[in-house]
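Just so we're clear, the structure is a prediction, and the values are computed from it rather than from any experiment.
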Amino acid sequence: MISFKPFNIVLIEPEIPPNTGNIARLCGATCSTLHLVGKLGFSTDDKTLKRAGLDYWKEVEIKYWQTLDEIKQANPDGRYFYTSKKAKKSYVEVAFQEGDFLVFGKETAGLPEKLLQDNPETTIRIPIFGNVRSINLATATGIVLYEALRQTGRLSEAT
């Protein structure tokens, strides 16, 4: 039985099946909930998606939504953190809490500019050094989620 409030990983219109499969596997490994929002760039029957998640799909709670607003209406007390390379605040500057919603945009475009402008205090980035424009979506999700798990003491509880 889970004695903690799971983190929520929100993917807005993900486009690349292996990324979503890897993130689903990550959610299964951390008892986090995966929220898929909007038009997906693949079928959930996609072989690549299923292969990336291996045989762990039954371990993942997945919720499908048409819009981010639907999630917010269903979870009005939720805390939402939006990830973007354009943010001023690093993800390590945030005090995460169990149950937080960590929101990631599509691989080719990120999150909508208006969403980022409307939420500057809760928009976070992963520092990047050198000339690389961005980090892979699955990698970025793992980085932020594991920091949240570390901050909430969940890593010391893992088996």
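- We find that Lys86 and Glu113 are joined by a salt bridge, their nearest charged nitrogen and carboxylate oxygen being less than 4.0 Å apart.
- Within 6.0 Å of atom NZ in Lys88, 12 or fewer heavy atoms from other residues, nucleotides or ligands are found, so the atom counts as exposed in its surroundings.
- In this structure, Thr20 and Ile16 have side chains that are not in contact, with every pair of non-hydrogen atoms separated by 4.5 Å or more.
- Salt-bridge annotation for Lys72 and Glu70: absent, with no side-chain N of the basic residue lying under 4.0 Å from a carboxylate O of the acidic one.
- Residues Leu102 and Thr83 are not in side-chain contact: their nearest non-hydrogen atoms beyond the backbone lie 4.5 Å or more apart.
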Trace of the side-chain contact (heavy atoms from CB on, under 4.5 Å) decision for Ile71 with Leu68: CA-CA 5 Å; Ile71 298 175; Leu68 181 59; 4.2 Å; yes
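- Listed here is the closest heavy atom pair of Arg154 and Phe7: NH1-CD1, 4.0 Å.
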Verdict with reasoning, Thr122 to Tyr82, per side-chain contact (heavy atoms from CB on, under 4.5 Å): CA-CA 6 Å; Thr122 55; Tyr82 308 97; 3.7 Å; yes
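- Placement of Val37 and Leu40 in two distinct hydrophobic clusters is found when ILVMFWY residues are connected by side-chain heavy-atom separations under 4.5 Å, directly or transitively.
- Judged purely by distance below 3.5 Å, without hydrogens or angles, the side chains of Gln97 and Thr152 never pair a donor atom with an acceptor atom.
- We find the CG-OG1 distance between Leu11 and Thr141 to be 6.0 Å, quoted to the nearest 0.5 Å.
- In this structure, the side chain of Thr139 does not engage the main chain of Ile135 through any donor-acceptor pair within 3.5 Å.
- Val144 pairs in a side chain to side chain contact (heavy atoms under 4.5 Å, CB included) with only one of the listed residues (Ile9, Asp100, Ile124, Val92), which is Ile124.
- Scored by the side-chain hydrogen bond (donor to acceptor under 3.5 Å, both in side chains) test, Glu13 finds Lys106 as partners (sequence neighbours excluded).
- Between atom CG of residue Leu145 and atom OG of residue Ser32 there is a gap of 4.5 Å, rounded to the nearest 0.5 Å.
- Two residues are said to be in side-chain contact when any heavy atoms from C-beta on lie closer than 4.5 Å; Tyr146 and Leu26 meet this criterion.
- Distance check: Leu116 CG to Ser84 OG gives 4.5 Å after rounding to the nearest 0.5 Å.
- Residue Ile128 comes nearest to Arg133 through the heavy atom pair CD1-O, 3.8 Å, listed as atom of the first residue, atom of the second, then distance.
- Shown here are the side-chain hydrogen bond (donor to acceptor under 3.5 Å, both in side chains) partners of Asp118, two or more places apart in sequence or in another chain: Lys114.
- Put simply, Leu155 and Val94 are part of the same group of oily side chains (I, L, V, M, F, W, Y) that touch within less than 4.5 Å, one to the next.
- The two residues Leu137 and Gly105 have their closest heavy-atom pair at CD1-O, 3.8 Å.
- Although no hydrogens or angles enter the test, the distance criterion places a donor-acceptor pair under 3.5 Å between the side chain of Glu15 and the main chain of Thr108.
- Separation of the Phe96 and Phe81 ring centroids falls under the 6.0 Å cut-off.
- Heavy-atom minimum distance, Leu36 versus Pro14: CD2-CG, 4.2 Å.
- Counting non-hydrogen atoms of other residues, nucleotides and ligands closer than 6.0 Å to CD of Glu121 gives a total of 12 or fewer.
- Hydrophobic clustering places Ile126 together with Ile23 (ILVMFWY residues linked when any side-chain heavy atoms are closer than 4.5 Å, directly or through intermediates).
- When all heavy atoms of Trp65 and Ala74 are compared, the closest pair comes out as CH2-CB, 3.6 Å.
- Distance check: Leu149 CG to Ser156 OG gives 10.5 Å after rounding to the nearest 0.5 Å.
- Not one N or O on the side chain of Arg125 forms a donor-acceptor pair closer than 3.5 Å with the backbone of Ser90.
- Val10 and Ile62 end up in different hydrophobic clusters when Ile, Leu, Val, Met, Phe, Trp and Tyr side chains are linked at under 4.5 Å.
- Across Asn8 and His35, no two heavy atoms sit closer than the pair OD1-NE2, 2.8 Å.
- Thr123 has its side chain out of reach of Pro120: every pair of non-hydrogen atoms, C-beta onward, lies at least 4.5 Å apart.
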For Arg25 and Glu59, what are the C-alpha separation, side-chain angles and deciding distance, and is it a side-chain contact (heavy atoms from CB on, under 4.5 Å)? CA-CA 8 Å; Arg25 186 175 179 181; Glu59 304 298 327; over 6 Å; no
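- Ring orientation note: the planes of Tyr80 and Phe101 are close to parallel, at an angle under 30° on the 30°/60° scale.
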